[in-house]
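Structure, as structure tokens:
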Amino acid sequence: MLLAHKIQLYPSAAQAQYLHQCMGARRYAYNALLAHFSQDGVKWSKRAAYEVFMTTVRQPWMADITSRAPRNAIDDLHRAYEGFFRRVKAGKRPYGYPKFQKRGQHDRFALREKPKFRVDGRRLRLEKAPGLIKLREELRWRGTPHSVTISHKAGKFFAAIVVDTHDYATHAATREPSVTGVDLGLTSFAVLSQGGGYEHIPANQKLKASLKRLRRLQRQLSRKEKGSRRYELAKRRVARLHLRVSDQRNAMLHETSDDLTRRFGTIVIEDLAVMNLSRNRRMARAVMDSGWGEFRRQLTYKAALRGVHLIVVPRYFASSKTCANCGAVNDDLTLKDRMYACDVCGHRQDRDENAADNLEHEAYGLHTLPADLKCALEMDQKHELEPQRTTDKDRREEVYSEIRVDF
């Protein structure tokens, strides 16, 4: 399998200058090719792009750097065109046409050829680079380095090294086939439900904790003359704070997703409409600071690597408004109601724990597991005979004990 490890670089002054030259050459080639194929009557193809690159785009000053830095811009532009035309052919809204790239925004270049780079412990060798570049840490996995992408953000250099490896701890042998429902929220980042027990993962909104410092840095930036040296220094301070907040958020999300995929064999989550929730001006900042979309992305690929069954409940399933005891739906429940009170059976419970229970025990959770076929047919027959669930949890505990999942 191919896994990527992103590591910070500590280059010398000469090495940093070389990396900036490679990024500039790649950006120049990308923009030149985009300008050529954006003309009327000029159709994109990789073969035509290579001919244009060799005849008009390639410059003499590019001989001082690795030839693959500007050359691989063809592959980057090809992927950008592919994504755009794929959406057009599918009948979707034709957005995402390749744009010209600006210096200081998404600066990067890639070496996808193995002879062009080498990783020796905590040292990275690049073709024609002055010396070995120091890495902050060694590669996380043993295997053959496949490619490397060098990027620059907030004054720091990073290397994303793709490794072809099978050295990945799945923990499948020691994991029990347990099921958990995960309800994401703002009061708590997540509430886990497992067999009647609950676990609250506290909210960890790093942007909210750094707002005071961010306001001060942005005021300082607004007082600087645009284009001056002090303006660039102040701009870098703001960018570094945003990078620090992003790193803190990602660290928490990685720890949580890693812990869940280590402990549980089946994880049930909701298909949240994050962009729709972010349109609420009162909660937009908190929603985006929580990182729900990134958390789901991490859960998806880690569950696939570790053999965990990830179930995504449909978006319009009312997990918070449905009573976890009798199944009645309370449409009058609002965001300010932190306790769920059922008018039918009188059940009272924390709304997040109630939602986690529904995710764990509802048909979207246990009843859709790849259980034994005979057991599944018996359960369907029982549900046909019993359209109304009982008012206690004995029925669901019985179903929970009947199901056996083999991972």
Side-chain angles (χ1 to χ4, degrees), residues 1-11 15-16 18-23 25-27 29-30 46 49 65-83 86 98 101 105-129 131-154 156-171 243 246-247 250-251 253-255 257-258 261 293-308:
M1 68 182 70
L2 296 178
L3 298 176
H5 186 189
K6 189 174 182 179
I7 310 174
Q8 185 177 351
L9 299 177
Y10 296 114
Q15 292 170 346
Y18 174 81
L19 297 179
H20 279 301
Q21 288 177 346
C22 293
M23 294 176 186
R26 183 258 178 198
R27 182 173 57 251
Y30 186 96
K46 291 189 71 174
I65 61 174
T66 174
S67 61
R68 305 307 299 186
R71 168 66 179 80
N72 286 338
I74 299 177
D75 299 330
D76 298 338
L77 187 57
H78 178 68
R79 280 195 295 270
Y81 271 119
E82 270 190 336
R86 182 174 60 252
Q101 298 188 352
Q105 296 181 0
H106 308 291
D107 288 340
R108 64 186 184 278
F109 72 94
L111 299 179
R112 303 183 180 97
E113 297 75 24
K114 296 178 183 179
K116 301 298 181 180
F117 72 98
R118 186 180 70 246
V119 180
D120 296 326
R122 293 181 58 186
R123 295 292 187 274
L124 174 65
R125 183 195 70 84
L126 301 178
E127 185 183 37
K128 295 186 178 180
L132 301 179
I133 304 176
K134 183 179 179 181
L135 297 171
R136 182 172 184 174
E137 58 181 324
E138 295 185 359
L139 276 175
R140 189 172 298 159
W141 301 289
R142 295 186 299 270
T144 304
H146 191 267
S147 65
V148 59
T149 300
I150 309 297
S151 59
H152 183 256
K153 186 176 182 180
K156 298 180 180 180
F157 290 94
F158 300 91
I161 305 173
V162 179
V163 184
D164 189 0
T165 179
H166 297 283
D167 184 21
Y168 191 84
T170 61
H171 304 278
L243 179 61
S246 176
D247 290 343
N250 286 332
L253 297 178
H254 275 294
E255 291 174 0
S257 58
D258 179 77
T261 52
E294 174 65 15
F295 178 69
R296 176 177 170 177
R297 186 192 71 84
Q298 294 179 11
L299 266 184
T300 301
Y301 82 80
K302 291 180 182 180
L305 289 174
R306 290 176 170 168
V308 176

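- The NE2 atom of His5 sits 10.5 Å away from atom CD of Glu138, with the distance rounded to the nearest 0.5 Å.
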Please assess Asp76 against Arg112 for the test salt bridge (Lys or Arg N to Asp or Glu O under 4.0 Å), listing each intermediate value before the final yes or no.
CA-CA 11 Å; Asp76 298 338; Arg112 303 183 180 97; 2.7 Å; yes
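- One distance of note links CD of Gln298 with CG of Asn250; it measures 6.5 Å at 0.5 Å rounding.
- With Glu127 as the fixed residue, the salt bridge (Lys or Arg N to Asp or Glu O under 4.0 Å) test singles out one of Lys114, Arg71, Lys116, Arg68: Lys116.
- At least one side-chain heavy atom of Thr66 sits less than 4.5 Å from a side-chain heavy atom of Tyr18.
- The CZ atom of Arg136 lies 10.5 Å from the CD1 atom of Ile7; values are rounded to the nearest 0.5 Å.
- Side-chain atoms of Lys302 come within 3.5 Å of backbone atoms of His254 as a donor-acceptor pair (strictly under, hydrogens ignored).
- Shortest non-hydrogen contact noted between Leu139 and Pro145 is CD1-CG, 4.5 Å.
- Around the NE2 atom of His106, the shell of radius 6.0 Å holds no more than 12 heavy atoms that belong to other residues, nucleotides or ligands.
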Assess whether side-chain contact (heavy atoms from CB on, under 4.5 Å) is satisfied between Ile65 and Lys128, documenting all intermediate values.
CA-CA 6 Å; Ile65 61 174; Lys128 295 186 178 180; 5.7 Å; no
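- Within the model, atoms CZ of Arg118 and CZ of Arg125 stand 5.0 Å from one another, a figure rounded to the nearest 0.5 Å.
- Judged purely by atom type and a 3.5 angstrom limit, Thr149 has no side-chain atom pairing as donor or acceptor with the backbone of Ala110.
- Closest approach of Phe117 and His146 over heavy atoms only: CZ-C, 3.9 Å.
- Distance alone, capped at 3.5 Å, places no donor-acceptor pair between the His78 side chain and the Lys46 backbone.
- When all heavy atoms of Ala29 and Pro70 are compared, the closest pair comes out as CB-O, 3.6 Å.
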Dump the intermediate steps for side-chain contact (heavy atoms from CB on, under 4.5 Å) on Gln101 and Arg108, then the final yes or no.
CA-CA 11 Å; Gln101 298 188 352; Arg108 64 186 184 278; 4.0 Å; yes
Derivation of the side-chain contact (heavy atoms from CB on, under 4.5 Å) call for Leu19 and Ile133
CA-CA 10 Å; Leu19 297 179; Ile133 304 176; 4.1 Å; yes
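- Salt bridge present: Arg306 and Asp258 bring a charged side-chain N and a carboxylate O closer than 4.0 Å.
- A salt bridge links Glu294 with Arg297: the closest approach of a Lys/Arg side-chain nitrogen to an acidic carboxylate oxygen falls below 4.0 angstrom.
- Between Leu243 and Phe158, the shortest heavy-atom distance links the atoms CD2-CZ, 4.2 Å.
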Is there a side-chain contact (heavy atoms from CB on, under 4.5 Å) between Arg123 and Lys134? Walk through the geometry before answering.
CA-CA 5 Å; Arg123 295 292 187 274; Lys134 183 179 179 181; 3.5 Å; yes
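- The shortest distance between side-chain heavy atoms of Val119 and Val163 does not fall below 4.5 Å.
- Shown here for Leu111 and Ala69, the closest heavy-atom pair between the two residues is CD2-N, 4.2 Å.
- Atom CZ of Arg79 sits about 11.5 Å away from atom CZ of Arg86, to the nearest 0.5 Å.
- Between Leu9 and Leu135, the closest side-chain pair of non-hydrogen atoms falls below 4.5 Å.
- Taking the ring centroids of His152 and Phe109, they lie at or beyond the 6.0 Å cut-off.
- Of all heavy-atom pairs between Leu253 and Phe295, the closest is CD2-CB, 4.0 Å.
- Distance CZ/Arg26 to CG/Asp107: 9.0 Å, rounded to 0.5 Å.
- By the 4.5 Å heavy-atom criterion applied to side chains, Gln15 and Leu126 are not counted as neighbours.
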